[in-house]
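The figures that follow rest on heavy atoms only: side chains count, while hydrogens, waters and symmetry mates do not. In what follows, chains carry the letters A, B, and so on, assigned in the order in which the sequence lines appear, proteins first and then strands, with residues in each chain numbered from 1.
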Amino acid sequence: MADLDPGSLDGLVDVDRGTVSREIFVNEEIYRREQEQIFARAWLFVGHESQVPRPGDFAVSSMGEESVILCRDRAGRLHVFLNSCRHRGMKVCRYDEGNTVEFLCPYHGWSYGTDGALVGVPFGKDAYGEQLDKRRWGLIEVAQLENYKGGIWATWDASAPSFFDYLGGYKLYLDLLLDGWDGREGGTEVIGGVHKWLIPCNWKFPAENFSGDRYHGVSHRSVDMVGIGPSGQGRRDMGERNQARWLDVSFPELGHSMIAFLRPHDAPLAPAYEDAPIVADYFRRCEEERHRRRGAQWRLFGGPGTMFPNTSPLARQPRTLAVWHPRGPHQTEVWRWYLVDADAPAEVKDFLRHYYIRYSGPSGLTEQDDMENWNYAHKASRGIIARQYPYNYEMGLGRATRGFEDHGLRLPGAITDVTGATASEHNQRGFYRRWRQFMASASWKELVAP
Amino acid sequence: MSAPDLAALLVRHEVQDFLYREAELLDERRYEEWLELFTDDARYFMPMRRNVPHDEPEREFTREGLDVNWFDEGKDTLARRVQQIRTGIHWAEEPPSRICHMVSNVQILHASPTEIGVKSRFLVYRNRVETETDVLVGKREDLLRRANGSFRIARRKIVLDQSVLLAKNLTFFF
Ligand code: FES
Ligand SMILES: [Fe+2]
């Protein structure tokens, strides 16, 4: 299909019946439209405040396909700039991080302050006379930026709603990642080093997998047999999950979702981290503190999720934040940040760091198998015959409820209780419902009230 | 040739032989025998690398024991990697990849009767399923201990010459 009119999207994504066409994963034209319709308009995760603690600090990141610079200016204000010179487009920064007083373009030497202002132009007076108005030729800056509990999000679209409207009721679930384990607001930091690697599949494979795929146990059976979890069994501690209600939480009108769990109101804490008494003790004290601080909400804990379009918090252990940067229809560049409580004891941080590395990313015993599956699922969907047959997303259709309540605790979102069923595709359907709206809507006006 | 020169030549020859045999074990998928080459307290470390200004080299590598790295582990985790491959359902290595280790530029950094520091270059080629191919090139720094007329690897630092990892995973060994 060369041309795409908005009407044809209905046939491609039919979440009410539970089908999604393979075209949206492999089609070049759809990919190109995603860049305009989604990545140029949505709020995207850029980086973490702790990467740029001092004035002049910068860290290069990515928004969609484009390189950006996260920078703290000399006055301490955060900015996100397009990493491209206004003169002929040269990347003004090819370092991953550092501290600077200016960004000097290596091509003809225009230079920009850490606040983005064009400050230096070689032969300025002689070559340009009075012609060049430097105030108009600073680095291109995002339209909106938000520092939420240390996470930096930005959007290119001035008409996009505020970050908090974009986040909506999902805030409660994102907080499970960003708040301290003891329930304190914020209180997390990232461990040094960002995993960056290329995977051969469309960006939506990992985004939808993290949004709520509880169904892929067979992917990970080998690591479960070998045992890398914090108590030496399986790939993670299952005690607290096994006694909880399993909730697939989606905000279809926003596109965000998370795999969540709700402890029984009357059960004691399940044992965890049995390989490491200091760690077990730390988390037990944190849970008690969280109970005091958060009351009944203490019972809620999270798992993997996706904040539309391509940011995936993993709110429990291993506690990470992944961004799936699109790199063409058939390739994704993954960036992964690893979070810990900022004032956890050193032993706890070190224990978690080891666990994160052996679980996650290209060297992680768990995720290696995810990437194999995404790779060949994508590859086997590219053919002209394969494309004619949609994927099936029927699991758990029609079982979601609004106004979920359990012993007086109300939770926001459309929720499918999968405690008995083990899994549903409720969250994935919410993701693709929003995807279709973004692709079909001409303006944020339509997107806010679809 | 003087006696010390000859002794140094012999050590390098011994170490080269050891490294070639090690590569052979890996390429023949004799992973349990390969694990035996490590001491029980072995460290296996591969940092990530950043693009940084030439005069800030200390920022280039993620730090062992502190940062997130590609690998930063002991023999226990290495052994689990081997066990996982042997389950037959570790899909990222099932069907098994075709892997070839080339080792070169072997340099002895220091040698005592008990320990030897050695630096080398590696080229690891992986091809799997149909057309999937990775070529990973870099340096290794090993600390070898003499044991039973041969060596054990007490520490291996792997420096991959990539920043963004161009392979989808690291299911194989260096
Ligand atoms: S491209 Fe930057 S100064 Fe010309
Ligand atoms: Fe997975």
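For A/Arg336, no part lies near chain B; criterion is any non-hydrogen pair under 4.5 Å. Heavy atoms closer than 4.5 Å to chain B are found in the side chain of A/Glu333, but not in its backbone. Within the 4.5 angstrom heavy-atom criterion, no atom of A/Lys349 approaches chain B. When heavy atoms are compared at a cutoff of 4.5 Å, A/Tyr338 approaches chain B solely by way of its side chain, counted from C-beta outward. With a 4.5 angstrom heavy-atom cutoff, A/Asp370 does not touch chain B via any of its atoms. Both the backbone and the side chain of A/His195 come within contact range of chain B, with heavy atoms under 4.5 Å apart. Only the backbone of B/Leu66 comes within contact range of chain A, with at least one heavy atom under 4.5 Å from a heavy atom of that chain.
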| task | Carefully, step by step, assess B/Thr131 and A/Lys379 under the rule side-chain contact (heavy atoms from CB on, under 4.5 Å). | result | CA-CA 12 Å; B/Thr131 57; A/Lys379 198 168 186 213; 3.7 Å; yes
| message | Does B/Met48 form a side-chain contact (heavy atoms from CB on, under 4.5 Å) with A/Lys196? I'd like the steps, not just the answer. | response | CA-CA 9 Å; B/Met48 295 190 288; A/Lys196 301 175 184 177; over 6 Å; no
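The backbone N or O of A/Gly98 sits nowhere less than 3.5 Å from a side-chain atom of B/Glu56 that would complete a donor-acceptor pair. In this structure, the side chain of B/Trp91 engages the main chain of A/Val218 through a donor-acceptor pair within 3.5 Å. In terms of modelled atom types and a separation under 3.5 Å, the side chain of B/Arg80 and the main chain of A/Ile228 share no donor-acceptor contact. Remark: side-chain polar atoms of A/Arg353 are not paired, donor with acceptor, to backbone N or O of B/Val68 under 3.5 angstrom. Put simply, the side chain of A/Ser363 gets close to the backbone of B/Trp70: a donor and an acceptor are under 3.5 Å apart.
Counting heavy-atom pairs under 4.5 Å between each of A/Leu198, A/Leu365, A/Ile357, A/Ile191 and chain B puts A/Leu365 at the top. Among the candidates A/Ala346, A/Gly227, A/Pro200, the residue making the largest number of heavy-atom pairs closer than 4.5 Å to chain B is A/Gly227. Note on A/Gly361, A/Ser360, A/Ser219, A/Cys201: by heavy-atom pairs under 4.5 Å with chain B, the leading option is A/Ser219. Heavy-atom pairs under 4.5 Å with chain A were tallied for B/Ser163, B/Gly65, B/Ala79; the largest tally goes to B/Gly65. Note on B/Asp76, B/Asp72, B/Ile85, B/Leu166: by heavy-atom pairs under 4.5 Å with chain A, the leading option is B/Asp72. The most heavy-atom pairs under 4.5 Å with chain A, out of B/Gln83, B/Met46, B/His90, B/Arg128, come from B/His90. The choice from B/Val129, B/Asn69, B/Leu170 that makes the most heavy-atom pairs within less than 4.5 Å of chain A is B/Leu170.
Applying the 6.0 Å contact sphere to CG of B/Asp55 captures more than 12 heavy atoms from other residues, nucleotides or ligands. In B/Arg86, the CZ atom is crowded: over 12 heavy atoms of neighbouring residues, nucleotides or ligands sit closer than 6.0 Å. For B/Leu123, the CG atom counts as densely surrounded, since its 6.0 Å shell holds more than 12 non-hydrogen atoms of other residues, nucleotides or ligands. In the displayed structure, B/Arg12 atom CZ is contacted under 6.0 Å by at most 12 heavy atoms of other residues, nucleotides or ligands. Within 6.0 Å of NE2 in B/His13 there are 12 or fewer heavy atoms belonging to other residues, nucleotides or ligands. Other residues, nucleotides and ligands place no more than 12 heavy atoms under 6.0 Å from the CZ atom of A/Arg221.
Here the side chains of A/Asp96 and B/Val52 are not in contact, with every heavy-atom distance at 4.5 Å or above. Using a 4.5 Å heavy-atom threshold, the side chains of A/Val226 and B/Thr87 count as touching. Residues B/Asn51 and A/Arg94 form no side-chain contact, since every pair of their non-hydrogen atoms from C-beta on lies 4.5 Å or further apart.
No donor-acceptor contact under 3.5 angstrom links the side chains of A/Gln368 and B/Thr171, judged on distance only. Between the side chains of A/Tyr376 and B/Glu130, no donor-acceptor pair is found at a separation under 3.5 Å.
Here the closest heavy-atom approach between residue B/Asp67 and residue A/Gly192 is recorded as CB-O, 3.2 Å.
Salt bridge annotation for A/Glu97-B/Arg50: present, with a cationic side-chain nitrogen under 4.0 angstrom from a carboxylate oxygen.
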